[in-house]
S.K.: 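The structure follows.
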Amino acid sequence: MPDKIKQSICYAHNDEKSAACQGENFQDSGFQLVDSRRVNSNGQYPTGYYFWSSFFASDNLVVSTMALRFTQALLFSGLVAATALLLPRANRPSLLGAIAITFVPLGMFLIPSVNPSGWAIASGALLFPTLVGYLTTTGWRSRALGALAVLAGLLGLGARGDSAAYAVVAVLAALVITFKRSREYALRAILPVAISIAAVVTFVTAGQTGLALEGMTQKGFDSISPGKMLAENIFALPELYAGVLGQNFDSSDYAGLGWLDTPLPASVWALTTFVFAGVIFLAFRRFEPRRAIALTGVALAAAAIPLYILFQGHVPIGFQVQPRYVMPLLVLFAAVALSPSPQGTVVLDRLPKFTQIQFWIVVLLLSVANSVALFINMRRYVSPGNFNLNNADWWWQAAPQPMTVWFVGSLAFAVLVFFLMRKLQRDRLEVIA
(Lines give C-alpha, C1' and ligand atoms only; values in the text may rest on other atoms or scores of the structure.)
Protein backbone atom coordinates (compact mmCIF):
# COMPACT_ATOMS: atom_id res chain seq x y z
CA MET A 1 0.00 0.00 0.00
CA PRO A 2 1.16 3.67 -0.28
CA ASP A 3 3.51 4.46 2.60
CA LYS A 4 1.69 7.67 3.58
CA ILE A 5 -1.75 6.10 3.76
CA LYS A 6 -1.93 6.51 7.53
CA GLN A 7 -2.12 10.27 7.08
CA SER A 8 -5.52 9.84 5.45
CA ILE A 9 -7.21 8.85 8.71
CA CYS A 10 -6.37 11.98 10.68
CA TYR A 11 -10.05 12.95 10.55
CA ALA A 12 -11.44 9.57 11.62
CA HIS A 13 -13.82 9.67 14.60
CA ASN A 14 -13.50 13.44 14.92
CA ASP A 15 -16.48 15.12 13.28
CA GLU A 16 -14.93 18.55 13.67
CA LYS A 17 -12.08 17.69 11.31
CA SER A 18 -12.39 17.64 7.54
CA ALA A 19 -10.13 15.74 5.18
CA ALA A 20 -8.02 18.90 4.94
CA CYS A 21 -6.14 17.69 8.03
CA GLN A 22 -4.10 15.50 5.67
CA GLY A 23 -2.12 18.63 4.87
CA GLU A 24 -0.87 20.23 1.70
CA ASN A 25 1.86 17.63 1.35
CA PHE A 26 -0.70 14.85 0.93
CA GLN A 27 -0.70 15.16 -2.83
CA ASP A 28 -1.22 12.83 -5.78
CA SER A 29 2.44 11.83 -5.91
CA GLY A 30 5.33 11.29 -3.54
CA PHE A 31 4.19 7.87 -2.37
CA GLN A 32 5.97 4.58 -2.35
CA LEU A 33 4.40 1.12 -2.31
CA VAL A 34 5.25 -0.88 0.81
CA ASP A 35 4.09 -4.18 2.27
CA SER A 36 1.00 -3.77 4.41
CA ARG A 37 0.25 -5.39 7.75
CA ARG A 38 -3.34 -4.26 7.54
CA VAL A 39 -6.34 -5.33 5.51
CA ASN A 40 -5.79 -8.93 4.34
CA SER A 41 -2.10 -9.56 4.93
CA ASN A 42 -3.03 -12.07 7.66
CA GLY A 43 -5.34 -14.04 5.36
CA GLN A 44 -8.50 -13.46 7.37
CA TYR A 45 -10.58 -12.58 4.31
CA PRO A 46 -11.05 -14.42 0.99
CA THR A 47 -8.49 -13.31 -1.56
CA GLY A 48 -10.77 -12.60 -4.54
CA TYR A 49 -11.53 -8.94 -3.85
CA TYR A 50 -7.97 -8.10 -2.83
CA PHE A 51 -6.55 -9.80 -5.91
CA TRP A 52 -8.93 -7.72 -8.06
CA SER A 53 -8.14 -4.45 -6.30
CA SER A 54 -4.38 -5.09 -6.49
CA PHE A 55 -4.53 -4.28 -10.21
CA PHE A 56 -5.43 -0.69 -9.29
CA ALA A 57 -2.59 -0.19 -6.81
CA SER A 58 0.00 2.41 -7.73
CA ASP A 59 2.09 5.14 -6.16
CA ASN A 60 -0.64 7.64 -7.10
CA LEU A 61 -3.19 7.26 -4.32
CA VAL A 62 -5.86 9.49 -5.85
CA VAL A 63 -5.77 7.84 -9.27
CA SER A 64 -5.82 4.35 -7.75
CA THR A 65 -8.73 5.14 -5.45
CA MET A 66 -10.81 6.90 -8.09
CA ALA A 67 -10.18 4.18 -10.67
CA LEU A 68 -11.24 1.45 -8.26
CA ARG A 69 -14.33 3.36 -7.15
CA PHE A 70 -15.52 4.04 -10.70
CA THR A 71 -14.80 0.47 -11.73
CA GLN A 72 -16.76 -0.91 -8.79
CA ALA A 73 -19.75 1.28 -9.64
CA LEU A 74 -19.59 0.35 -13.33
CA LEU A 75 -19.22 -3.34 -12.55
CA PHE A 76 -22.32 -3.41 -10.38
CA SER A 77 -24.34 -1.22 -12.73
CA GLY A 78 -23.39 -3.39 -15.71
CA LEU A 79 -24.31 -6.62 -13.91
CA VAL A 80 -27.66 -5.22 -12.79
CA ALA A 81 -28.46 -3.92 -16.27
CA ALA A 82 -27.51 -7.22 -17.92
CA THR A 83 -29.55 -9.22 -15.41
CA ALA A 84 -32.59 -6.96 -15.78
CA LEU A 85 -32.50 -7.28 -19.57
CA LEU A 86 -32.26 -11.07 -19.40
CA LEU A 87 -34.89 -11.65 -16.72
CA PRO A 88 -38.54 -12.12 -17.68
CA ARG A 89 -40.59 -9.03 -16.84
CA ALA A 90 -42.28 -10.71 -13.89
CA ASN A 91 -38.89 -11.40 -12.31
CA ARG A 92 -37.54 -7.86 -12.45
CA PRO A 93 -39.09 -6.57 -9.20
CA SER A 94 -37.05 -9.20 -7.36
CA LEU A 95 -33.90 -7.50 -8.64
CA LEU A 96 -34.70 -3.85 -9.25
CA GLY A 97 -37.33 -3.44 -6.54
CA ALA A 98 -35.16 -5.05 -3.88
CA ILE A 99 -32.23 -2.80 -4.77
CA ALA A 100 -34.40 0.33 -4.77
CA ILE A 101 -35.86 -0.22 -1.29
CA THR A 102 -32.68 -1.37 0.48
CA PHE A 103 -29.73 0.52 -1.01
CA VAL A 104 -30.31 3.96 0.51
CA PRO A 105 -28.10 4.97 2.23
CA LEU A 106 -25.64 2.15 3.01
CA GLY A 107 -25.64 0.41 -0.36
CA MET A 108 -25.17 3.70 -2.19
CA PHE A 109 -22.14 4.34 0.00
CA LEU A 110 -20.53 0.89 -0.16
CA ILE A 111 -21.07 -0.29 -3.75
CA PRO A 112 -18.64 2.31 -5.21
CA SER A 113 -16.28 2.08 -2.23
CA VAL A 114 -12.93 0.34 -1.85
CA ASN A 115 -14.40 -1.92 0.84
CA PRO A 116 -14.98 -5.63 0.04
CA SER A 117 -18.46 -5.30 1.54
CA GLY A 118 -19.44 -3.71 -1.77
CA TRP A 119 -18.96 -7.07 -3.46
CA ALA A 120 -20.83 -8.86 -0.68
CA ILE A 121 -23.83 -6.56 -1.12
CA ALA A 122 -23.70 -6.89 -4.91
CA SER A 123 -23.72 -10.66 -4.58
CA GLY A 124 -26.67 -10.48 -2.19
CA ALA A 125 -28.64 -8.43 -4.70
CA LEU A 126 -27.80 -10.49 -7.79
CA LEU A 127 -27.49 -14.15 -6.84
CA PHE A 128 -31.11 -14.99 -6.01
CA PRO A 129 -32.73 -13.26 -9.03
CA THR A 130 -30.21 -14.72 -11.46
CA LEU A 131 -30.69 -18.23 -10.07
CA VAL A 132 -34.49 -18.00 -10.21
CA GLY A 133 -34.23 -16.72 -13.78
CA TYR A 134 -31.78 -19.49 -14.71
CA LEU A 135 -34.02 -22.20 -13.25
CA THR A 136 -37.25 -20.94 -14.85
CA THR A 137 -36.18 -19.87 -18.34
CA THR A 138 -34.87 -21.84 -21.31
CA GLY A 139 -32.29 -21.64 -24.08
CA TRP A 140 -29.66 -18.94 -24.34
CA ARG A 141 -31.43 -16.76 -21.78
CA SER A 142 -31.14 -19.48 -19.15
CA ARG A 143 -27.47 -20.08 -19.94
CA ALA A 144 -26.68 -16.36 -19.77
CA LEU A 145 -28.46 -16.02 -16.42
CA GLY A 146 -26.59 -19.07 -15.17
CA ALA A 147 -23.29 -17.42 -16.08
CA LEU A 148 -24.35 -14.26 -14.25
CA ALA A 149 -25.33 -16.36 -11.22
CA VAL A 150 -21.84 -17.86 -11.16
CA LEU A 151 -20.30 -14.39 -11.37
CA ALA A 152 -22.60 -13.12 -8.60
CA GLY A 153 -21.60 -16.06 -6.45
CA LEU A 154 -17.90 -15.42 -7.07
CA LEU A 155 -18.31 -11.80 -5.96
CA GLY A 156 -19.66 -12.95 -2.62
CA LEU A 157 -17.14 -15.75 -2.20
CA GLY A 158 -14.30 -13.37 -2.99
CA ALA A 159 -15.44 -10.67 -0.58
CA ARG A 160 -16.11 -12.01 2.91
CA GLY A 161 -16.49 -15.30 4.73
CA ASP A 162 -19.99 -14.43 5.94
CA SER A 163 -21.00 -13.54 2.39
CA ALA A 164 -20.22 -17.13 1.41
CA ALA A 165 -22.71 -18.28 4.05
CA TYR A 166 -25.33 -15.91 2.63
CA ALA A 167 -24.78 -17.42 -0.82
CA VAL A 168 -25.93 -20.78 0.54
CA VAL A 169 -29.08 -19.13 1.91
CA ALA A 170 -29.77 -17.52 -1.48
CA VAL A 171 -29.31 -20.84 -3.31
CA LEU A 172 -31.67 -22.66 -0.95
CA ALA A 173 -34.30 -19.92 -1.32
CA ALA A 174 -34.09 -20.11 -5.12
CA LEU A 175 -34.41 -23.90 -5.07
CA VAL A 176 -37.45 -23.74 -2.78
CA ILE A 177 -39.18 -21.15 -4.99
CA THR A 178 -38.54 -22.94 -8.29
CA PHE A 179 -38.52 -26.64 -7.35
CA LYS A 180 -39.97 -29.13 -9.86
CA ARG A 181 -40.06 -32.92 -9.83
CA SER A 182 -38.32 -33.54 -13.13
CA ARG A 183 -35.04 -34.83 -14.48
CA GLU A 184 -34.47 -31.58 -16.38
CA TYR A 185 -34.79 -29.56 -13.20
CA ALA A 186 -32.45 -31.92 -11.35
CA LEU A 187 -29.80 -31.40 -14.03
CA ARG A 188 -30.24 -27.64 -13.89
CA ALA A 189 -29.95 -27.69 -10.12
CA ILE A 190 -26.37 -28.90 -10.43
CA LEU A 191 -25.21 -25.32 -11.00
CA PRO A 192 -26.74 -23.77 -7.83
CA VAL A 193 -25.65 -26.80 -5.81
CA ALA A 194 -22.10 -26.33 -7.09
CA ILE A 195 -22.24 -22.66 -6.07
CA SER A 196 -23.34 -23.69 -2.57
CA ILE A 197 -20.58 -26.26 -2.25
CA ALA A 198 -18.00 -23.65 -3.27
CA ALA A 199 -19.57 -21.27 -0.75
CA VAL A 200 -19.33 -23.82 2.05
CA VAL A 201 -15.66 -24.48 1.27
CA THR A 202 -14.95 -20.74 1.26
CA PHE A 203 -16.83 -20.24 4.49
CA VAL A 204 -15.04 -22.94 6.46
CA THR A 205 -11.58 -22.02 5.16
CA ALA A 206 -11.79 -18.25 5.71
CA GLY A 207 -9.90 -17.09 8.78
CA GLN A 208 -12.61 -14.50 9.34
CA THR A 209 -15.11 -17.34 9.87
CA GLY A 210 -13.08 -18.80 12.72
CA LEU A 211 -12.94 -15.45 14.47
CA ALA A 212 -16.69 -15.01 14.17
CA LEU A 213 -17.61 -18.53 15.28
CA GLU A 214 -15.19 -18.60 18.20
CA GLY A 215 -15.98 -15.08 19.35
CA MET A 216 -13.93 -11.88 19.21
CA THR A 217 -12.60 -10.25 22.34
CA GLN A 218 -14.61 -7.28 23.61
CA LYS A 219 -14.20 -5.91 27.10
CA GLY A 220 -16.86 -4.22 29.19
CA PHE A 221 -19.73 -6.73 29.18
CA ASP A 222 -18.45 -9.46 31.52
CA SER A 223 -21.02 -8.57 34.19
CA ILE A 224 -23.95 -9.49 31.90
CA SER A 225 -24.97 -13.15 31.93
CA PRO A 226 -25.02 -15.00 28.57
CA GLY A 227 -28.77 -15.64 28.83
CA LYS A 228 -29.56 -11.99 29.51
CA MET A 229 -27.25 -10.87 26.71
CA LEU A 230 -28.96 -13.20 24.25
CA ALA A 231 -32.42 -12.03 25.30
CA GLU A 232 -31.46 -8.36 24.97
CA ASN A 233 -29.95 -8.99 21.56
CA ILE A 234 -33.10 -10.75 20.35
CA PHE A 235 -35.20 -7.75 21.37
CA ALA A 236 -32.72 -5.30 19.81
CA LEU A 237 -32.07 -7.25 16.58
CA PRO A 238 -34.23 -4.97 14.36
CA GLU A 239 -31.87 -2.13 15.24
CA LEU A 240 -29.08 -3.92 13.39
CA TYR A 241 -31.07 -4.08 10.16
CA ALA A 242 -32.41 -0.56 10.65
CA GLY A 243 -28.78 0.50 10.44
CA VAL A 244 -28.81 -0.62 6.81
CA LEU A 245 -31.56 1.93 6.20
CA GLY A 246 -29.65 4.70 7.95
CA GLN A 247 -30.61 4.50 11.60
CA ASN A 248 -27.85 5.02 14.16
CA PHE A 249 -27.36 2.79 17.18
CA ASP A 250 -28.38 4.39 20.45
CA SER A 251 -25.27 3.20 22.24
CA SER A 252 -22.39 1.62 20.36
CA ASP A 253 -19.12 2.30 18.61
CA TYR A 254 -20.81 2.16 15.20
CA ALA A 255 -22.69 5.10 13.76
CA GLY A 256 -23.65 5.73 10.16
CA LEU A 257 -21.29 5.96 7.21
CA GLY A 258 -17.59 6.50 6.66
CA TRP A 259 -15.41 5.31 9.50
CA LEU A 260 -18.66 4.64 11.35
CA ASP A 261 -18.36 8.22 12.52
CA THR A 262 -20.91 9.92 10.27
CA PRO A 263 -24.37 9.57 11.86
CA LEU A 264 -27.33 10.36 9.65
CA PRO A 265 -30.37 12.40 10.67
CA ALA A 266 -33.76 10.80 11.23
CA SER A 267 -34.98 12.25 7.93
CA VAL A 268 -32.97 9.50 6.21
CA TRP A 269 -33.90 6.34 8.10
CA ALA A 270 -37.52 7.37 8.70
CA LEU A 271 -38.15 7.72 4.95
CA THR A 272 -36.24 4.61 3.89
CA THR A 273 -37.86 2.48 6.60
CA PHE A 274 -41.31 3.71 5.57
CA VAL A 275 -40.69 2.76 1.94
CA PHE A 276 -39.16 -0.63 2.80
CA ALA A 277 -41.96 -1.57 5.17
CA GLY A 278 -44.65 -0.38 2.77
CA VAL A 279 -43.34 -2.27 -0.24
CA ILE A 280 -42.76 -5.49 1.72
CA PHE A 281 -46.21 -5.25 3.31
CA LEU A 282 -47.73 -4.81 -0.14
CA ALA A 283 -45.81 -7.85 -1.40
CA PHE A 284 -47.21 -9.94 1.45
CA ARG A 285 -50.68 -9.80 -0.08
CA ARG A 286 -49.49 -12.71 -2.24
CA PHE A 287 -49.26 -15.93 -0.27
CA GLU A 288 -47.92 -19.19 -1.57
CA PRO A 289 -46.60 -21.93 0.73
CA ARG A 290 -43.21 -22.19 -0.92
CA ARG A 291 -42.68 -18.43 -0.86
CA ALA A 292 -43.58 -18.48 2.81
CA ILE A 293 -41.02 -21.26 3.42
CA ALA A 294 -38.30 -19.37 1.55
CA LEU A 295 -39.03 -16.10 3.36
CA THR A 296 -39.10 -17.87 6.72
CA GLY A 297 -35.76 -19.51 5.98
CA VAL A 298 -34.14 -16.20 5.02
CA ALA A 299 -35.63 -14.49 8.08
CA LEU A 300 -34.33 -17.23 10.39
CA ALA A 301 -30.86 -16.96 8.85
CA ALA A 302 -30.98 -13.17 9.19
CA ALA A 303 -31.72 -13.59 12.88
CA ALA A 304 -29.60 -16.63 13.75
CA ILE A 305 -26.30 -15.66 12.09
CA PRO A 306 -25.73 -12.28 13.80
CA LEU A 307 -27.20 -13.51 17.11
CA TYR A 308 -24.79 -16.43 17.19
CA ILE A 309 -21.77 -14.24 16.46
CA LEU A 310 -22.84 -11.76 19.13
CA PHE A 311 -23.45 -14.60 21.60
CA GLN A 312 -19.98 -16.03 20.97
CA GLY A 313 -18.41 -12.63 21.43
CA HIS A 314 -20.63 -11.87 24.45
CA VAL A 315 -21.48 -8.39 23.18
CA PRO A 316 -24.76 -6.54 22.59
CA ILE A 317 -26.22 -5.31 19.33
CA GLY A 318 -24.07 -2.44 18.11
CA PHE A 319 -20.68 -4.10 18.61
CA GLN A 320 -18.61 -6.33 16.33
CA VAL A 321 -21.49 -7.05 13.90
CA GLN A 322 -22.03 -3.98 11.73
CA PRO A 323 -25.09 -3.33 9.53
CA ARG A 324 -22.95 -3.70 6.40
CA TYR A 325 -22.16 -7.28 7.38
CA VAL A 326 -25.82 -8.32 7.36
CA MET A 327 -27.09 -6.07 4.57
CA PRO A 328 -26.96 -8.88 1.95
CA LEU A 329 -29.56 -10.78 3.99
CA LEU A 330 -31.92 -7.80 4.05
CA VAL A 331 -31.59 -7.40 0.27
CA LEU A 332 -32.18 -11.14 -0.15
CA PHE A 333 -35.31 -10.99 2.01
CA ALA A 334 -36.70 -8.19 -0.15
CA ALA A 335 -35.79 -10.09 -3.33
CA VAL A 336 -37.64 -13.22 -2.17
CA ALA A 337 -40.67 -11.17 -1.13
CA LEU A 338 -40.81 -9.51 -4.56
CA SER A 339 -40.01 -12.62 -6.58
CA PRO A 340 -42.46 -14.18 -9.05
CA SER A 341 -44.77 -16.92 -7.87
CA PRO A 342 -43.37 -20.45 -7.47
CA GLN A 343 -42.25 -22.17 -10.67
CA GLY A 344 -41.94 -18.79 -12.36
CA THR A 345 -45.67 -18.33 -12.86
CA VAL A 346 -47.48 -15.13 -12.00
CA VAL A 347 -50.91 -14.74 -10.48
CA LEU A 348 -51.99 -11.56 -12.23
CA ASP A 349 -54.38 -10.21 -9.64
CA ARG A 350 -51.76 -10.72 -6.91
CA LEU A 351 -48.89 -8.80 -8.47
CA PRO A 352 -47.67 -5.97 -6.23
CA LYS A 353 -48.87 -2.72 -7.72
CA PHE A 354 -48.73 0.96 -6.83
CA THR A 355 -51.37 3.58 -7.29
CA GLN A 356 -50.20 6.82 -8.85
CA ILE A 357 -49.89 8.52 -5.48
CA GLN A 358 -47.96 5.55 -4.04
CA PHE A 359 -45.63 5.66 -7.01
CA TRP A 360 -44.77 9.31 -6.43
CA ILE A 361 -44.42 8.82 -2.66
CA VAL A 362 -41.81 6.08 -3.18
CA VAL A 363 -39.88 8.16 -5.72
CA LEU A 364 -40.00 11.29 -3.55
CA LEU A 365 -39.08 9.67 -0.25
CA LEU A 366 -36.17 7.67 -1.64
CA SER A 367 -34.87 10.72 -3.52
CA VAL A 368 -35.03 12.92 -0.43
CA ALA A 369 -33.41 10.29 1.80
CA ASN A 370 -30.55 9.78 -0.66
CA SER A 371 -30.06 13.52 -1.10
CA VAL A 372 -29.85 14.11 2.66
CA ALA A 373 -27.45 11.19 3.14
CA LEU A 374 -25.24 12.43 0.30
CA PHE A 375 -25.17 15.94 1.75
CA ILE A 376 -24.29 14.75 5.26
CA ASN A 377 -21.56 12.46 3.99
CA MET A 378 -20.03 15.14 1.77
CA ARG A 379 -20.18 17.71 4.56
CA ARG A 380 -18.35 15.36 6.91
CA TYR A 381 -15.19 15.46 4.74
CA VAL A 382 -15.51 18.78 2.92
CA SER A 383 -16.95 21.34 5.32
CA PRO A 384 -17.95 19.99 8.76
CA GLY A 385 -20.81 21.85 10.42
CA ASN A 386 -21.63 24.04 7.42
CA PHE A 387 -24.77 23.99 5.29
CA ASN A 388 -23.02 25.64 2.38
CA LEU A 389 -20.60 23.03 1.12
CA ASN A 390 -18.95 25.60 -1.10
CA ASN A 391 -17.24 26.90 2.05
CA ALA A 392 -14.99 23.90 1.65
CA ASP A 393 -11.88 23.12 3.66
CA TRP A 394 -10.89 20.44 1.17
CA TRP A 395 -11.83 20.11 -2.51
CA TRP A 396 -10.39 19.76 -6.01
CA GLN A 397 -9.45 23.08 -7.55
CA ALA A 398 -10.55 22.10 -11.05
CA ALA A 399 -13.77 20.30 -10.07
CA PRO A 400 -17.30 21.76 -9.94
CA GLN A 401 -18.26 23.32 -6.61
CA PRO A 402 -19.36 20.89 -3.87
CA MET A 403 -22.97 22.15 -3.86
CA THR A 404 -23.11 21.57 -7.61
CA VAL A 405 -21.86 18.01 -7.20
CA TRP A 406 -24.40 17.37 -4.44
CA PHE A 407 -27.26 18.80 -6.52
CA VAL A 408 -26.33 16.85 -9.66
CA GLY A 409 -25.86 13.66 -7.64
CA SER A 410 -29.24 14.10 -5.95
CA LEU A 411 -30.99 14.86 -9.23
CA ALA A 412 -29.37 11.91 -11.01
CA PHE A 413 -30.55 9.52 -8.31
CA ALA A 414 -34.08 10.95 -8.39
CA VAL A 415 -34.25 10.50 -12.16
CA LEU A 416 -32.93 6.95 -11.83
CA VAL A 417 -35.54 6.02 -9.22
CA PHE A 418 -38.30 7.57 -11.31
CA PHE A 419 -37.43 5.58 -14.42
CA LEU A 420 -36.77 2.46 -12.39
CA MET A 421 -40.20 2.57 -10.75
CA ARG A 422 -41.84 3.51 -14.04
CA LYS A 423 -40.18 0.54 -15.70
CA LEU A 424 -41.49 -1.81 -13.05
CA GLN A 425 -44.98 -0.40 -13.43
CA ARG A 426 -44.94 -0.77 -17.21
CA ASP A 427 -43.56 -4.31 -16.99
CA ARG A 428 -46.47 -5.23 -14.78
CA LEU A 429 -49.01 -3.80 -17.20
CA GLU A 430 -47.42 -5.65 -20.13
CA VAL A 431 -47.44 -8.93 -18.18
CA ILE A 432 -51.14 -8.53 -17.40
CA ALA A 433 -51.92 -7.60 -21.01
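All residue numbers in this chain count up from 1 along the given sequence. As the structure is a prediction and not an experimental result, all values here were calculated from the model.
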S.K.: Is there side-chain contact between F333 and T102, with at least one heavy-atom pair below 4.5 Å?
M.R.: no
S.K.: In Å and rounded to the nearest 0.5 Å, what is the CG to CG distance from L151 to L75?
M.R.: 7.0 Å
S.K.: So with a 6.0 Å cut-off around CZ of F70, is the heavy-atom count from everything else above 12?
M.R.: no
S.K.: For the pair T272 (side chain) and V268 (backbone), establish whether a donor and an acceptor sit closer than 3.5 Å, ignoring hydrogens and angles.
M.R.: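 Side chain of T272 to backbone of V268: a pair is present.
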S.K.: If I take atom CG from residue L260 and atom CD from residue Q322, how far apart are they, to the nearest 0.5 angstrom?
M.R.: 4.5 Å
S.K.: For F56 and T65, what are the C-alpha separation, side-chain angles and deciding distance, and is it a side-chain contact (heavy atoms from CB on, under 4.5 Å)?
M.R.: CA-CA 8 Å; F56 298 88; T65 303; over 6 Å; no
S.K.: Mind listing the closest non-hydrogen atom pair of P316 and L310 along with its distance?
M.R.: O-CD2, 3.7 Å
S.K.: State yes or no: are the ring centers of W360 and F418 separated by less than 6.0 Å?
M.R.: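 When the ring centroids of W360 and F418 are compared, they turn out to be within the sub-6.0 Å range.
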S.K.: Drop me the distance from S113's OG to R324's CZ, to the nearest 0.5 angstrom.
M.R.: 8.5 Å
S.K.: Taking C-beta and beyond as the side chain, do L175 and P192 meet within less than 4.5 Å on heavy atoms?
M.R.: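 When only atoms from C-beta onward are counted, P192 and L175 do touch, with a gap below 4.5 Å.
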S.K.: Measuring from atom CE of M421 to atom CD1 of I361, what distance do you get when rounded to the nearest 0.5 angstrom?
M.R.: 11.0 Å
S.K.: Which heavy atom in L264 sits nearest to a heavy atom in P105, and how many Å separate them?
M.R.: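 Between these two residues, the closest heavy atoms are CD1-CG, 3.5 Å.
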S.K.: With no hydrogens and no angle check, just 3.5 Å: does a side-chain donor-acceptor pair link R291 and S339?
M.R.: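 Looking only at side-chain atoms, S339 and R291 do form a donor-acceptor pair, the distance falling under 3.5 Å.
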S.K.: Distance alone, cut at 3.5 Å: any donor-acceptor contact between the side chains of R188 and S142?
M.R.: yes
S.K.: Might you point out which heavy atoms bring S196 and V171 nearest each other, and give the distance in Å?
M.R.: OG-CG1, 3.6 Å
S.K.: May I ask you to check if R290 and F179 form a cation-pi contact, with NZ or CZ under 6.0 angstrom from the six-membered ring centre and within 45° of the axis?
M.R.: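 Verdict for F179: no cation-pi partner in R290.
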S.K.: Decide yes or no for N233 and L237: does some side-chain heavy atom of the first lie under 4.5 Å from some side-chain heavy atom of the second?
M.R.: no
S.K.: Taking all non-hydrogen atoms of both residues, which atom of L240 and which atom of V321 are closest, and how far apart?
M.R.: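 In this case the closest contact between L240 and V321 is CD1-O, 3.4 Å.
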S.K.: Might you point out which heavy atoms bring L68 and S53 nearest each other, and give the distance in Å?
M.R.: CD2-CB, 3.9 Å
S.K.: If you take all heavy atoms of L110 and I121, which pair is closest and at what distance?
M.R.: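 L110 and I121 have their closest heavy atoms at CD1-CD1, 3.6 Å.
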S.K.: Any side-chain heavy atom of W52 sitting closer than 4.5 Å to one from Q72?
M.R.: yes
S.K.: Are V405 and L389 side-chain neighbours, meaning at least one heavy-atom pair lies under 4.5 Å?
M.R.: no
S.K.: Are Y134 and T178 linked by a side-chain donor-acceptor pair shorter than 3.5 Å?
M.R.: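 The criterion, which ignores hydrogens and geometry beyond distance, is not satisfied for T178 and Y134.
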S.K.: Could you measure the distance from the CH2 atom of W269 to the CG atom of L245? Nearest 0.5 Å is fine.
M.R.: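 The CH2 atom of W269 sits 10.5 Å away from the CG atom of L245.
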S.K.: So do S163 and L157 actually touch side chain to side chain, heavy atoms under 4.5 Å?
M.R.: no
S.K.: Parallel, tilted or perpendicular: which one describes the rings of F103 and F76, with boundaries at 30° and 60°?
M.R.: parallel
S.K.: Y49 versus L155: any side-chain heavy-atom pair under 4.5 Å?
M.R.: no
S.K.: Contact between I305 and V326 at the side-chain level, heavy atoms closer than 4.5 Å - yes or no?
M.R.: no
S.K.: Atom CG in L411, atom OG in S371: separation rounded to 0.5 Å?
M.R.: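 The distance works out to 9.5 Å.
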